[in-house]
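Accompanying notes for the structure given below.
Note that the structure is predicted; figures quoted are calculated from it, not measured. Just so you know, ligand 1 is whichever comes first in the structure, and atom 1 is the first atom listed for that ligand.
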Amino acid sequence: MSLLIKNGLMIDPASGVSEPRDVLIEGAAIAGMGRGLKGDTTLDARGCVVCPGLVDIHVHFREPGFESKETIATGSRAAARGGFTSVVPMPNTKPPIDNAGMVEFVIRRARETACIKIWPSASATKERAGKEMTEMAELRDVGAVAVTDDGSDIASSWVTRRVLEYADMVGLTYLAHCEDASLMEGGVMNEGYISTKLGLPGLPKAMEEIRVERNIRLAALADAKIHIQHVSTAESVEIIRRAKARGLRVTCETAPHYWTLTDEAVAAFPTFREAERRSLDEWTLVHLVPR
Ligand SMILES: [Zn+2]
């Protein structure tokens with residue numbers, strides 16, 4: 001039984017192909033690429049990109065604990081719909097994925113319900129509390145590919161150093177959520193002109209940059225590799241660039257909203273007081289205006 005995917009734009013970075021080509025699949029293997037191929041069934045991919053499966057190393061499937069938001073099943077279906085065939089879910093679930101049993105739970109649920117490959121990450125510290133390291137060798141043995149306290153940064157530099165050393169020693173990558181929580185102060189958006197205008201508490205860029213710098217310096221001290229998560233400022237990129245130029249083992253990621261939007265996108269957003277005033281107006285309309 002063969003399948004011919006026709007009329008798609010093929011993009012394959014490995015072979016340098018970026019042009020319209022048809023793909024013939026026989027069983028689980030690619031049997032041919034080009035034009036004039038014949039298959040038992042045909043799939044019209046006009047207007048679509050045909051490419052190797054995409055990989056997202058930072059997703060949040062909220063199972064266990066927040067299944068109303070997302071499960072491994074629904075998250076994997078959404079990923080597949082967008083072309084992603086491998087993902088790394090973050091461990092900030094409830095309870096967090098901070099021991100071998102929890103990693104095994106994710107792997108079992110993935111086997112039972114996911115339609116793509118799931119590579120679990122595990123917490124770097126127990127309960128994600130930033131105090132005591134998890135059993136990293138055990139986590140790796142049951143299938144974790146990385147450790148992270150994503151959702152928050154480890155406040156203690158001492159603990160971060162040890163996490164980096166142990167993770168690297170057992171062959172796991174430490175994924176760093178770089179954020180100095182003490183600079184947060186109830187902030188809800190980028191600190192600047194728009195946040196001032198809206199009267200909303202802002203989050204200064206330094207909050208991220210301070211910790212990108214610190215975590216990379218600790219990785220250098222520990223002679224460990226480090227991956228910087230969801231980079232959102234130009235200065236963070238500069239810090240990472242300098243570290244790479246020095247030969248440090250640093251990688252990073254960003255997210256679409258960081259390069260497609262600015263805080264201008266929420267400039268028309270009604271702040272709480274504004275929203276409150278509006279709902280009060282509606283209430284007045286309903287309850288006080290005689291019908
Ligand atoms: Zn994060």
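Of all protein N/O/S atoms, those under 2.8 Å from the Zn ion (ligand 1) are D150 OD1, H177 ND1, H230 NE2, and waters are not counted.
In the hydrophobic cluster analysis, where Ile, Leu, Val, Met, Phe, Trp and Tyr join through side-chain heavy atoms closer than 4.5 angstrom, V55 is grouped apart from F61.
Side-chain contact, E70 with H60: no donor N or O sits under 3.5 Å from an acceptor N or O.
Other residues sharing a hydrophobic cluster with L261 under the 4.5 Å side-chain heavy-atom criterion for ILVMFWY residues do not exist; the residue is a singleton.
Pairing each heavy atom of G53 with each of T85, the nearest pair is CA-OG1, 3.1 Å.
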Would you check, one step at a time, whether the test salt bridge (Lys or Arg N to Asp or Glu O under 4.0 Å) holds for R214 with D180?
CA-CA 10 Å; R214 180 200 74 160; D180 184 337; over 6 Å; no
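At most 12 non-hydrogen atoms from other residues, nucleotides or ligands lie less than 6.0 angstrom from CD of E264.
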